[in-house]
2 protein chains.
Amino acid sequence: MTSPQAGPEGAPALGASRVTGTGRARTRAVPQATVARLAVYLRILGELVERGTETASSDELAAVCGVNSAMLRKDLSYVGSHGIRGVGYEVGPLLRHLESALGLTHRQPVALVGIGNLGHALAGYGGFGGRGFPVTALFDVDPDLVGIKINGIVVEHARDIPQTCRERDVTIGMIATPAPAAQGACDLLVRAGVSSILNFAPVVLQVPEQVEVRKVDLAVELQILAFHVARRHLAGSDLSGHDGSAQHSLRGVRPAPDPGRDTVNRHAVVTS
Amino acid sequence: MTSPQAGPEGAPALGASRVTGTGRARTRAVPQATVARLAVYLRILGELVERGTETASSDELAAVCGVNSAMLRKDLSYVGSHGIRGVGYEVGPLLRHLESALGLTHRQPVALVGIGNLGHALAGYGGFGGRGFPVTALFDVDPDLVGIKINGIVVEHARDIPQTCRERDVTIGMIATPAPAAQGACDLLVRAGVSSILNFAPVVLQVPEQVEVRKVDLAVELQILAFHVARRHLAGSDLSGHDGSAQHSLRGVRPAPDPGRDTVNRHAVVTS
DNA sequence: ACCTGTGAAGATTTTCACAGCA
DNA sequence: TGCTGTGAAAATCTTCACAGGT
């Protein structure tokens, strides 16, 4: 599985449409792989807007996003065609169109359970709010943590998850607890009515089917990479010192290398 | 894309085999999606071993891993069949077999570039070493960070990446820098001979084709979940309070709910 | 009787390649 | 002439369903 760049994958469908596969189909099916890529296109478009770029062809966008241009066009076609033949796409309008297609028109309050090592980093990262996902509630069970403030948010006891999440209209939950506590945290979030969960704990969560869970497992990512390392060893040593990327253009944005093989996962937002 | 549980995806092939898709095929192709799932099976098997479980059928394992039993059997068949008809799989031997199939027989020293918010959390997380991925080198460009120690490892200046990584036989690099610095960090890692990179920065990295990059982009994950939330809204309100998971068995390990739709990404290892 | 290993069928996803509009 | 939008072909990945051991 390699698309833009390997990572997690899968995703639901959009608008009144449905995602290919699960559930009864109705309007139009948007492949899950497509939804994941649309999120990537969205970010790239945002960067282009900041750069002042007004239009871009599918070839240019695809190069920057690391995908095949035909795939990018097909992906965009699932949410309606807005390109101009012979010209390309208008960056700004396309950006807004994708935002509404992906349901990013409203802010989605996020709750974070587990304020340990990673949880602290996630809570302290300011990038979520800027992207429409304000971290609105923090939970843990450690008495030393309950009560402290991080970025202005008070850490509450996990037992208050149901009530607090409902009060603050939390729609997305993130679990960064130790593995043994993850299912319990998940159950509480579900009871709070949260239907989308991003799970960082190395556990396969049990949830009712209407709940969507996405998992980020760093150990698994490393193992996949380790497999790659092992495979290269068997293949024979490499040759060059490296750097074979051909500078491309589009106002300084470097194009992506080979499209990929995997299907969905993408980049990270928690930077330094 | 939903398999065990949605997340990033894609992965290379194993042993003398190759991954479906990219490259010239030789021995046998192991689907990238399969490699990602094998890593999950591996973790679950480890848990079962700790529990003292000696054998498990594909149905039991599949339930715990959140996949279809036929898929689990087929996945295992790609690395050689070691099950016992009428009985199931011997947990211990299968675990060891998968470890060698995934190339996890050696430790893979990891280098981390970017000791900011997330980087600190990753550097402080002790779970990597236990899983065979000791964080062996830390880098940043901030004078206030260079020189400090985290878990016994001294943070070095990023300019030393090539030399230090070679000295310590780093095979995997993790990038947790701010987006603008990611490509530079990547170039240095590549120059150091690192062929596998886990990228947390929201950028599509440009790398020579022999380098494998996996991306973890939290913003994209949240957007995918947001899409799910939006879709549910259009569909109609939910009904129950929740918790529809049917307790299953296999010594306390709860089975997984509906298999998924996405294809690759998986769980996280950085817990509280 | 139970459970694995798999060919074959079915679903999805990706890539081709080209008609058609600007 | 350039580039989008897409039907159709190709490639992948999943699920079926059953032959074959134990």
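Just so it is clear, the structure is predicted and the values come from calculations on it, not from any experiment. Lettering of chains follows the sequences in order, A, B, ..., and the numbering in each one begins at 1.
Taking side-chain N and O atoms only, A:Y78 has no distance below 4.0 Å to OP1 or OP2 of C:dT12. Residue A:Y89 places none of its side-chain N or O atoms closer than 4.0 Å to OP1 or OP2 of D:dG2. Taking only side-chain nitrogens and oxygens, B:S58 never comes nearer than 4.0 Å to OP1 or OP2 of C:dC3.
At whole-Å resolution of the value, CG in B:L61 and P in C:dC2 are 19 Å apart. Taking atom CG of A:L72 as the reference point, atom P of C:dT15 lies 12 Å away to the nearest angstrom. Here the C1' atom of nucleotide D:dT4 and the NE2 atom of A:H97 are 14 Å apart, to the nearest Å. The separation between B:L76 atom CG and D:dC13 atom C1' is 16 Å, rounded to whole Å. Separating the CE atom of B:M71 from the C1' atom of D:dA17 is a distance of 16 Å, rounded to the nearest angstrom. Put simply, CG on A:D59 is 14 Å from P on C:dT15, counting in whole angstrom units. When rounded to the nearest whole Å, the span between CG of B:D75 and P of D:dT12 equals 17 Å. Rounded to whole Å, atom P of C:dA8 lies 10 Å from atom NZ of B:K74.
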Polar atom pairs (N or O), protein with nucleotides 18-20 of chain C, under 3.5 Å:
from	atom 1	to	atom 2	distance (Å)
C:dG20	N3	A:R85	NH1	3.3

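The side chain of A:S81 has D:dG5 as its nearest neighbour among D:dG5, C:dT15, C:dG5. Here the nucleotide nearest the side chain of A:N68, chosen from D:dT14, C:dT15, D:dT6, is C:dT15. Among the nucleotides D:dG5, D:dC13, D:dT15, the one closest to the side chain of B:A33 is D:dC13.
If you run side chain to side chain donor-acceptor pair (under 3.5 Å) between B:R73 and each of B:S58, B:S57, B:S81, only B:S58 comes through.
Nearest heavy atoms, A:Q183 versus A:L205: OE1-CA, 3.5 Å. Of all the heavy atoms in A:A179 and A:A201, the pair that sits closest is CA-CB, 4.3 Å.
Between A:Q108 and A:T171, the side chains place a donor N or O and an acceptor N or O closer than 3.5 Å (distance only, hydrogens not considered).
Here B:V49 pairs with B:V91, B:L95 under the side chain to side chain contact (heavy atoms under 4.5 Å, CB included) rule; sequence neighbours left out. Every residue meeting the ring-ring contact (aromatic ring centres under 6.0 Å, His included) condition with A:H82, not counting sequence neighbours, appears here in chain and number order: A:H97.
Nearest-nucleotide positions on DNA chain C place B:H82 closer to the 5' end than the other of A:A70 and B:H82.
The residue B:I84 sits close only to the backbone: its heavy atoms come under 4.0 Å of sugar-phosphate atoms, none of a base.
The line from CG of A:L45 to OH of A:Y89 is 10.5 Å long, rounded to the nearest 0.5 Å.
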